[in-house]
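Below you'll find the structure, written out as C-alpha cells, and then a few comments.
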Amino acid sequence: MSEPEREEWMQGIIADLSGDDPKASEKAIDRFASLLETVPRPSDREKMDPQLYISQAGPAHYHIRKNLDSLVSAIAMQIRWAYTTTSTDLSMQSPFQSTLNLIRRSALEVLIQVFSNIYFAMWIRLDAVQTLIEELVYRAVDPMLKPSRSASGARVGNSAIPDSLGLSKAVNSILVRIIDYADRTTVYVALIRLFESAMAEPAPNPPQTDNDIMRMEFGDMVQKCLWRLTKVLPDDLKRQFSRYVDQDSVVELPREVVDPEFGNPLVHPAIRVHHILRMTHRFFVRVPDREWRKRSDKDAWMFGDLPRRTVKTIHHTIISYLGIYSWQFC
C-alpha cells in the first residue's frame, strides 16, 4: 500500500467514526483495532530509546500517531453516542441494541490498546485528551454503568447494559492509563479545566436537582484524578529539577528543563510548569477566595472549600519546591 493509499484508508476510518452510521462506526473501530495489533508495544529498552522503537515500528505507527487526535476525539464521540442514545426497541437482541453494545465494548478496548503504548499516549494533545477524559468521567459516574452493592456487599452491574460491571472497570482502567502515560502537563491542564467548570457554580447540600447530583459526582471523580497526580507531584518535581535546584551556583534553569519536549518518553513525567500555574491562577480568578469562604460550610454546600484546597495544594507544592526559580515560570 502506497503512502497516499494509507492516508486515505486512515481518513476513511476517521470519517466513519465521526459519522452517525452505527454499523460503519462499529466496522471502523474494528479496522483501527486490527491496525493497532500490527504495531508492537515498546519493550523496556525501546521506551528508553525512541529512535530504536520508531525505526522498527513501521508505517502503521507513523499513520496512527499522525492522526491520533482525530481518532481519539471521534472514539470519544462514539462512546457518548453509544451510552446516551435511546431507542424505542429496548430488546437486547435487536440489531440496533447489539450494535450499541458492540461499540460500547470495542471502543473501550481500542482505547486501552492506545494508552498502553506510551509512544501513542504521550502524543495526544490537549483538546483530544480533555474530550476523552470528560466523556470517560461521565461514564464512570453514569448510573447506567456505576456499580451498586448487593445485599451481601458484592459489586454488581446494572442490568440495563450487558456486562456493565466489566465496562465500568474498563472505563476506570483507561482513566488510570491516561493519568499515568499521557503527557503529564496535558493531563493536569485538562483535569483542572474540567474541575473549574464543574466547581464554578456552587451546589447545595443536599443536591436539589439531578443536574446538581451529576455535576457534583463528575467533579468528585475529576478531583480524585487530580489527587492521584498530586500524590506523586513532589517526586515528579524532584526528578525533573533537583539536579539544578539543589545547587546554589545555578542562576537560571536550562530551557530543556523548563520546557521539556512534548511526546518524548525519555522525559516523562516531566511537566511544563508555566501551563499548570496558569491554570491554577485561572481557577482562583474564576472562583475567588471570598466565594470559597461562602462555601466553606459543608452542611450547606457540597464539598465545602475542598476544591479550593485541592488546587491550592498543586500550586503550593510547585512554588514551594522551585523557590527562587519560580520566577522563570511567571
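Quick caveat, the model's predicted, so the values are computed rather than measured. The first residue in the sequence is number 1, and the count goes up from there.
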Practice prompt. Any chance you could lay out the side chain to side chain donor-acceptor pair (under 3.5 Å) test for E7 and Q11, step after step, and finish with the verdict?
Written response: CA-CA 6 Å; E7 186 62 23; Q11 291 304 316; 2.9 Å; yes
Discussion item. Looking at every non-hydrogen atom in both residues, tell me the closest pair between F262 and I124 and how far apart they are.
Written reply: CZ-O, 3.8 Å
Discussion item. Counting C-beta onward and ignoring hydrogens, is there a side-chain heavy-atom pair between L35 and H63 closer than 4.5 Å?
Written reply: no
Discussion item. If you count heavy atoms of other groups shown closer than 6.0 angstrom to CZ of R309, is the number above 12?
Written reply: yes
Practice prompt. Can you measure from CD1 (I179) to CG (L175) and round to the nearest 0.5 angstrom?
Written response: 6.0 Å
Discussion item. Using the rule that Ile, Leu, Val, Met, Phe, Trp and Tyr join whenever any side-chain heavy atoms are under 4.5 Å apart, tell me whether I75 and M77 fall into a single cluster.
Written reply: no
Discussion item. Go through it in stages, so that I can follow the logic: the residues are V189 and L126, the test is side-chain contact (heavy atoms from CB on, under 4.5 Å), and I'd like the CA-CA distance, side-chain angles, deciding distance and then a yes or no.
Written reply: CA-CA 8 Å; V189 172; L126 177 59; 3.8 Å; yes
Fill in: Min side-chain heavy-atom separation L36-N117 under 4.5 Å
no
Discussion item. Are L322 and W327 connected into the same hydrophobic cluster when the rule is that any two of I, L, V, M, F, W, Y join if their side-chain heavy atoms are below 4.5 Å apart?
Written reply: no
Item to complete: Please say whether more than 12 non-hydrogen atoms of neighbouring residues, nucleotides or ligands are located less than 6.0 Å from OH in Y325.
Response: yes
Practice prompt. Would you indicate whether the side-chain heavy atoms of L136 and L108 approach each other to under 4.5 Å?
Written response: yes
Worksheet item: In terms of hydrophobic clusters joined by side-chain contacts under 4.5 Å, are L229 and F329 together?
Response: yes
Item to complete: Kindly check if the number of other-residue, nucleotide or ligand heavy atoms within 6.0 Å of CZ (R31) is above 12?
Response: yes
Worksheet item: Has the side chain of E134 got a donor or acceptor atom that lies under 3.5 Å from a matching backbone atom of L194?
Response: no
Worksheet item: Does a donor on one side chain sit under 3.5 Å from an acceptor on the other, for Q78 and E26?
Response: no
Discussion item. Give me the atom names and distance for the closest heavy-atom approach of S116 to R177.
Written reply: OG-NE, 3.0 Å
Discussion item. For the residue pair R6 and W9, would you count it as a cation-pi contact if the rule is NZ or CZ under 6.0 angstrom from the ring centre and within 45 degrees of the ring axis?
Written reply: no
Response to the item:
Paired with R308, the side-chain contact (heavy atoms from CB on, under 4.5 Å) test is passed by just one of V287, T313, D289, namely D289
Worksheet entry | Electrostatic pair D30-K27, nearest N-O below 4.0 angstrom | no
Worksheet item: Above 12 or not: heavy atoms from other molecules or residues under 6.0 Å from NE2 of H281?
Response: no
Worksheet item: Does a sphere of radius 6.0 Å around CG in D20 hold more than 12 heavy atoms from other residues, nucleotides or ligands, not counting ones at 6.0 Å or beyond?
Response: no
Worksheet item: Can a donor-acceptor pair be found between the side chains of S197 and R193 at a distance below 3.5 Å?
Response: no
Discussion item. With a 3.5 Å distance limit and no angle check, can you tell me whether T84 reaches the backbone of R80 through a side-chain donor-acceptor pair?
Written reply: yes
Discussion item. Is there a path of hydrophobic side-chain contacts, each under 4.5 Å between heavy atoms, that joins I79 and I112?
Written reply: yes
Worksheet item: Can D235 and K238 be counted as an ion pair, charged N to O under 4.0 angstrom?
Response: no
Worksheet entry | Straight-line distance of E109 CD to I174 CD1, nearest 0.5 Å | 9.5 Å
Fill in: Atom pair CD1/OG1 of I64 and T38 - distance to nearest 0.5 Å
6.0 Å
Discussion item. Which heavy atom of R105 sits nearest to which heavy atom of L102, and what is that distance?
Written reply: NH2-CD2, 2.9 Å
Worksheet item: So, R215 side chain and A198 main chain: donor-acceptor pair closer than 3.5 Å or not?
Response: yes
Worksheet item: Has the side chain of H274 got a donor or acceptor atom that lies under 3.5 Å from a matching backbone atom of Q328?
Response: no
Discussion item. Could you measure the distance from the OG1 atom of T186 to the NE2 atom of H275? Nearest 0.5 Å is fine.
Written reply: 8.5 Å
Worksheet entry | Parallel, tilted or perpendicular, as decided by the 30° and 60° cut-offs, for the rings of W81 and F96 | perpendicular
Worksheet item: Is there a donor-acceptor pair closer than 3.5 Å between any side-chain N or O of T185 and the backbone N or O of R272?
Response: yes
Discussion item. If I compare all heavy atoms of H268 with all of A182, which pair ends up nearest, and what's the gap?
Written reply: CE1-O, 3.2 Å
Practice prompt. Might you work through the side-chain contact (heavy atoms from CB on, under 4.5 Å) test for R255 and D259, ending with a clear yes or no?
Written response: CA-CA 6 Å; R255 174 74 176 179; D259 193 13; 3.8 Å; yes
Worksheet item: So, do V176 and F115 sit near enough that their side-chain heavy atoms are less than 4.5 Å apart?
Response: no
Worksheet item: Is it true that R125 and D183 have a side-chain N and a carboxylate O under 4.0 angstrom from each other?
Response: no
Practice prompt. Pick out which of V311, V285, I319 makes a side-chain contact (heavy atoms from CB on, under 4.5 Å) with T280.
Written response: V311
Worksheet entry | Check: A128 main-chain N/O paired with D69 side-chain donor or acceptor under 3.5 Å | no
Worksheet item: Where the side chain of S296 meets the backbone of G304, is there a donor-acceptor pair that is under 3.5 Å apart?
Response: no
Practice prompt. Check for a donor-acceptor pair, side chain of S326 on one end and backbone N or O of G323 on the other, with a separation under 3.5 Å.
Written response: yes
Discussion item. What I want to find out is whether R45 reaches D49 closely enough, with some N-O distance under 4.0 Å, to be called a salt bridge.
Written reply: no
Worksheet item: What is the minimum heavy-atom distance between M199 and P307, and which atoms define it?
Response: SD-CG, 3.8 Å
Discussion item. Within the structure provided, determine whether I14 and L71 are in side-chain contact (heavy-atom separation under 4.5 Å).
Written reply: yes
Fill in: Check: F195 and M279 side chains under 4.5 Å, non-hydrogen atoms
no
Worksheet item: Looking at E196, E201, E291, which one forms a salt bridge (Lys or Arg N to Asp or Glu O under 4.0 Å) with R286?
Response: E196
Discussion item. Quick one, D305 and R293 - any side-chain contact, counting heavy atoms below 4.5 Å?
Written reply: no
Discussion item. Using 0.5 Å steps for rounding, measure from the CE atom of M122 to the CG atom of N264.
Written reply: 6.5 Å
Fill in: Hydrophobic cluster membership, I213 vs F303, 4.5 Å side-chain cutoff
no
Discussion item. Under the rule for ring-ring contact (aromatic ring centres under 6.0 Å, His included), what residues qualify as partners of H61, not counting sequence neighbours?
Written reply: Y53, F120
Discussion item. Show, in sequence, the C-alpha distance, side-chain angles and deciding distance for V72 and V129, and conclude whether the side-chain contact (heavy atoms from CB on, under 4.5 Å) test is met.
Written reply: CA-CA 8 Å; V72 168; V129 169; over 6 Å; no
Discussion item. Walk me through whether V273 and Y321 qualify under side-chain contact (heavy atoms from CB on, under 4.5 Å).
Written reply: CA-CA 12 Å; V273 170; Y321 184 83; over 6 Å; no
Item to complete: Output yes when a side-chain donor or acceptor of N101 lies under 3.5 Å from a complementary backbone atom of Q97, and no otherwise.
Response: yes
Item to complete: Taking the side chain as every heavy atom from C-beta outward, state whether P265 and Y181 have any pair of such atoms under 4.5 Å apart.
Response: no
Worksheet item: Nearest heavy-atom pair of S25 and I103: which atoms, and what distance?
Response: CB-CD1, 4.3 Å
Discussion item. Return the CD1 to SG distance between I178 and C225, rounded to the nearest 0.5 Å.
Written reply: 8.5 Å
Fill in: Y62 OH: over 12 foreign heavy atoms closer than 6.0 Å
no
Practice prompt. State whether the side chain of R295 and the backbone N or O of W301 hold a donor-acceptor pair below 3.5 Å, judged by distance alone.
Written response: no
